[in-house]
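Take a look at the structure set out below.
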There are 2 protein chains.
Amino acid sequence: MASGKHVKEMETLKEHLAKHQLKFTRQRELILGAFLRQEHITAEAMYHQLAKTDPHLGLATIYRTLNLFCDAGLAQARHFGSQTQYDNISHKGHHDHLICTGCGKIVEFENCDIERLQEEVAVRNGFTIQTHRLELYGLCSRCRH
Amino acid sequence: MASGKHVKEMETLKEHLAKHQLKFTRQRELILGAFLRQEHITAEAMYHQLAKTDPHLGLATIYRTLNLFCDAGLAQARHFGSQTQYDNISHKGHHDHLICTGCGKIVEFENCDIERLQEEVAVRNGFTIQTHRLELYGLCSRCRH
DNA sequence: ATCATTTTGAGACAGCTTATCAATTTCAAC
DNA sequence: GTTGAAATTGATAAGCTGTCTCAAAATGAT
């Protein structure tokens, strides 16, 4: 099928399936391919996205499969607002947000020093970080008057 | 009423109410008092807690009021699992969270260095920080096996 | 090809949160 | 202190996400 792009992840999935007596299906292959193209996505969004090419792919199957990816260590569920975001673990370059409470403007940033300190905090508490979320709320220069 | 314990927060609430043509009610005062005694709580938990002394306080009112506190900057909503936790902002400065994606355990921490770096990022982008949210997701020592 | 086992799809169902609306409360103006 | 427009409340209905159910289909070892 589709090029040798996501071979490593496909292998990870197959290993997980084998280890748990689960089967490799057309749907699981399809959903993994679509998932790996995203940085993060909701089940609903993927449902609509895949409906174009696969109208009969059920929403329940997508939920089940994304949760399977979490078990296999390929994805990570994050609850955001009222929905669950499934983050692509293999996708690096995490970006954090500065959010203006006045006008809603969002500025993305990255800061290695902060990430390093986060790692220290985690280790000190016996945690292994998978992902994180950092949002700074405040007023941008325009809104501060 | 209840001692001069949460005067500052009560003032913050009253200012917010005045600014938005909202009214100061018995329920809002009651819920704020109960809320400030917690570090974080769910609407459901507060409902049961307050039911002992106020059996006719509606769940919808608690949700509405906790969301109001978020608008007023007294609370911050955090979605975990299928529920929403309302964090008490005023509680000892600001605490961030280490969240175990395996068992749901939450460890709170504070780190001045991270806060300082956040401030730097904000200044560099012309922002004045009002509050922030930092959540580290990963596996705790037990769940890592 | 056979067949036990797993998976799928569609919809029913369940948990958490918000919307609805008549009755009540607040509060500013008398 | 009354009055009355506007906001709030409580009870419940409705909405949204996500999971469960189960008959039909697909998988994969033999």
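Below, chain A is the first sequence line, B the second, and so on; all start at residue 1.
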Nearest whole Å is fine: how far is C:dA14 P from B:Glu44 CD?
17 Å

Please enumerate all residues that pass side-chain hydrogen bond (donor to acceptor under 3.5 Å, both in side chains) together with A:His16, with sequence neighbours excluded.
none

Check the distance between C:dT7's P and A:Ile62's CD1 and give it to me in whole angstrom.
17 Å

Expected string for nucleotides 21-30 of chain D under the B/S/- scheme (protein heavy atoms, under 4.0 Å, primed atoms plus P, OP1, OP2 as sugar-phosphate) is B-----BS--

Taking the side chain of B:Thr61 as its heavy atoms from C-beta onward, which of D:dG10, C:dG9, C:dC16 lies nearest to it?
D:dG10

Considering all heavy atoms, the nearest A:Phe69-A:Ile31 contact:
CE1-CG2, 3.9 Å

Tell me the interatomic distance from B:Leu57, atom CG, to D:dT12, atom P, rounded to whole angstroms.
15 Å

By the 4.0 Å heavy-atom rule, please label B:Thr84 as base, sugar-phosphate, or nothing.
sugar-phosphate

When you check the side-chain N and O atoms of A:Glu119 and A:His132, is any donor under 3.5 Å from an acceptor?
no

What is the distance from CG of B:Leu66 to P of C:dT18, rounded to the nearest Å?
10 Å

Contact nearer the 5' end of DNA chain C, comparing B:Thr42 with A:Pro55
A:Pro55

Salt-bridge present (B:Arg124, B:Glu120; N to O < 4.0 Å):
yes

Hey, which of these two, B:Gln85 or A:His56, hits DNA chain C nearer its 5' end, going by closest nucleotide?
A:His56

Gap separating the CG atom of B:Leu36 from the CE atom of B:Met10, nearest 0.5 angstrom:
7.5 Å

Nearest-Å distance, CD (A:Glu29) to P (C:dT7)?
16 Å

Terminal helix-axis angle for the helix from C:dA1-D:dT30 to C:dC30-D:dG1, with five pairs defining each axis and rounding to 10 degrees
40°

All heavy atoms of B:Ala122 vs all of B:Ile129, minimum pair found to be CB-CG1, 3.5 Å

Enumerate the residue pairs fulfilling salt bridge (Lys or Arg N to Asp or Glu O under 4.0 Å) with a member in residues 73-87 of chain B, sequence neighbours excluded, ordered by first and then second residue.
B:Arg78-B:Asp87

Think A:Asn67 has a side-chain N or O under 4.0 angstrom from the OP1 or OP2 of D:dG18?
no

Suppose the criterion is side-chain hydrogen bond (donor to acceptor under 3.5 Å, both in side chains): which pairs have a residue in residues 51-62 of chain A, not counting sequence neighbours?
A:Arg26-A:Asp54, A:Thr61-A:Arg64

Can you figure out which of D:dG10, C:dT8, C:dC16 approaches the side chain of A:Arg28 most closely?
C:dT8

Considering all heavy atoms of both residues, which atom of A:Phe35 and which atom of A:Leu74 are nearest to each other, and what is their separation?
CE2-O, 3.8 Å

Starting at atom CG of A:Leu50, determine the distance to atom P of C:dT8, rounded to an integer number of angstrom.
13 Å

Once you round it to whole Å, what is the distance between C1' of D:dC16 and CG of A:Leu59?
12 Å

Provide, to the nearest angstrom, the distance between the NZ atom belonging to B:Lys19 and the P atom belonging to D:dA7.
18 Å

B:Tyr137: which other cluster members, linking ILVMFWY side chains closer than 4.5 Å, directly or transitively?
B:Phe80, B:Ile99, B:Ile106

Establish, with yes or no, whether the OP1 or OP2 oxygen of C:dT17 is under 4.0 angstrom from a side-chain nitrogen or oxygen of B:Tyr63.
yes

Base, sugar-phosphate, or nothing: which does A:Gln21 touch, judged by heavy atoms less than 4.0 Å apart?
sugar-phosphate

